[in-house]
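Note sheet for the following structure.
What you see is a predicted model, and the numbers here were worked out from it, not measured in a lab.
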Amino acid sequence: MASDGLPPLIASQLNYLLSHHALDVKVEQMWSGNKYYPGVLDRFTIAIPFCLDVIKWDVIYNAESPMSAPDIIFGPEDESFHPFSAKSPKNCNLLDDWNSRDPTRLMALIQELRNQYVDYQRKRVGDVDDARLNFEISTIVFREGIEMALSSGAEKPDEVKFAVPITDMKIDRMVPGCPWRGPPKMYLQVMYPVGKKHVTAPLAPRLKLVSNSELKAFFSIEDVKLPPWSDGMCMAEYLPHLEESLEKQILEAVSLIDVRRRFIEALVPQFGWPLEADPVFCRKATFLAGSGVFTFLVHFMISTQFPKQQPALMLQSCQHLSSQGVPVKSSLMTDYPWSPRWETSQMAERICEFLADEALNFKRHCNESQLQH
């Protein structure tokens, strides 16, 4: 577990944080602050998602006094973030009545500090002397869940980053049997350069669509075509165009699930019923095949861009093992006859014809690999 080596009271709080926080909080490193018992860990760095990036804070406990509240050390770029200051409008009082036996306390503390950090970054962005940015903030401040951050440094120009949640895509309701817990999360990342006084025509922001990893099985974010950003446009105008475009592309992705399913079904007359198949997104299928007495598996990896992009095939011997004791496999194959305009039955027939010859090459490869060992 991530908490191995920690005193029990500290470990229970860290485990609760990692398993119950709504965001994917991770532990980056752990170490000991006790020079007499260096094997007892009581300090760790956590990475907390924020504005499509992560912030890293050090949580400093004292193993000799595990009943005491921890100290939190923020990143060097946030030296002006003082949530514990008496002048802070939301002075954190969770430390005043710290209960080390309550495993939820660390999570509550981190969540409260993150909420204050969101407000802190929003104020930093609001204080930027840039009329265009101030206008952008005023047009989208009503959107729930939006986060923003000011990035500055000596080696790069200042810029403001917005993370705007796209909330209206009910993909989990469109796909029968979808395993996700709730709709996947999608965000528009908007990167604005901070304007200089002498610049008359402001530059268009950099735009990027970001999602959690769950969506990759269904929809390739990298292939999404974003609407163009017109001169003089603001985010409040752009977002409806984006959501309309996304809805069309998602509906197309839903329809492609049935196209992939029909392709897998078209393989059945050639190979028999699959040994395994992805029943929800239809991205994978495995069939048993043979050439004489040589039997092997055929793994199909089907892209979300099918049929424009042909499936990748991999063969796996049922009779040959490598020196490590694992079945011998071929490399991924895509160099076979293919046209996205063929009927699925023709696609399956041409693959079967290809494998009739390729099976002999693969059998030879399997025999040679065993002779080498």
Check whether any side-chain heavy atom of L267 lies under 4.5 Å from a side-chain heavy atom of M347, and answer yes or no.
no
Take I55 and F81 through the side chain to side chain contact (heavy atoms under 4.5 Å, CB included) test and state the conclusion after the steps.
CA-CA 13 Å; I55 47 178; F81 178 49; over 6 Å; no
Using the rule side chain to side chain contact (heavy atoms under 4.5 Å, CB included), only one of V164, I166, L207 pairs with L242; which is it?
I166
Between E358 and Y336, is any side-chain donor less than 3.5 angstrom from a side-chain acceptor?
no
Counting only N and O atoms by type, is there a donor-acceptor contact under 3.5 Å from the side chain of R101 to the main-chain atoms of M67?
no
Show the numbers, then the answer: is there a ring pair (Phe, Tyr, Trp, His ring centres under 6.0 Å) between F362 and H320?
CA-CA 11 Å; F362 181 54; H320 301 81; 7.9 Å; no
Please answer whether the main-chain N or O of Y16 pairs with a side-chain N or O of H20 as donor and acceptor at a distance below 3.5 Å.
yes
Validation row: L113, L109 side chains within 4.5 angstrom (heavy atoms):
yes
When you look at R262 and E265, which way does the salt bridge (Lys or Arg N to Asp or Glu O under 4.0 Å) test go after all the steps?
CA-CA 5 Å; R262 290 196 296 271; E265 292 171 348; over 6 Å; no
Would a 4.5 Å heavy-atom cut-off, applied to side chains only, mark D78 and Y117 as touching?
yes
Assess the residue pair R122 and D119 against the criterion (salt bridge (Lys or Arg N to Asp or Glu O under 4.0 Å)); give the C-alpha distance rounded to whole Å, side-chain angles, the decisive distance to 0.1 Å, and a yes or no.
CA-CA 5 Å; R122 184 178 291 239; D119 294 340; 5.3 Å; no
Using 4.0 Å as the upper bound for N to carboxylate O, is an ion pair formed by E243 and R143?
yes
Main-chain N/O of F281 paired to R260 side chain as donor or acceptor, under 3.5 Å
yes
Less than 4.5 Å apart, side chain to side chain, heavy atoms only: is that true for P311 and F306?
yes
Does the side chain of D71 reach to within under 4.5 Å of the side chain of R43, using non-hydrogen atoms?
no
Between F300 and I264, is the side chain to side chain contact (heavy atoms under 4.5 Å, CB included) condition met? List the steps.
CA-CA 9 Å; F300 288 81; I264 294 174; over 6 Å; no
Is a side-chain donor or acceptor of Q189 paired with a backbone partner of K161 at a separation under 3.5 angstrom?
no
Donor-acceptor pair, side chain of T286 and main chain of L275, under 3.5 angstrom
no
Smallest heavy-atom separation, C318 atom then F296 atom, equals SG-CA, 3.8 Å
Quick check: does any side chain N or O of E147 sit under 3.5 Å from a backbone N or O of Q121, one acting as donor and the other as acceptor?
no
I'd like to know if the side chain of E237 and the backbone of C234 have a donor-acceptor N/O pair within less than 3.5 Å.
yes
Measure the shortest side-chain to side-chain distance between M30 and L14 over non-hydrogen atoms and say whether it is less than 4.5 angstrom.
yes
How close do L256 and P307 get, counting heavy atoms only, and between which atoms?
CD2-CD, 4.3 Å
Is there a side-chain contact between V194 and V160, using heavy atoms and a 4.5 Å cut-off?
yes
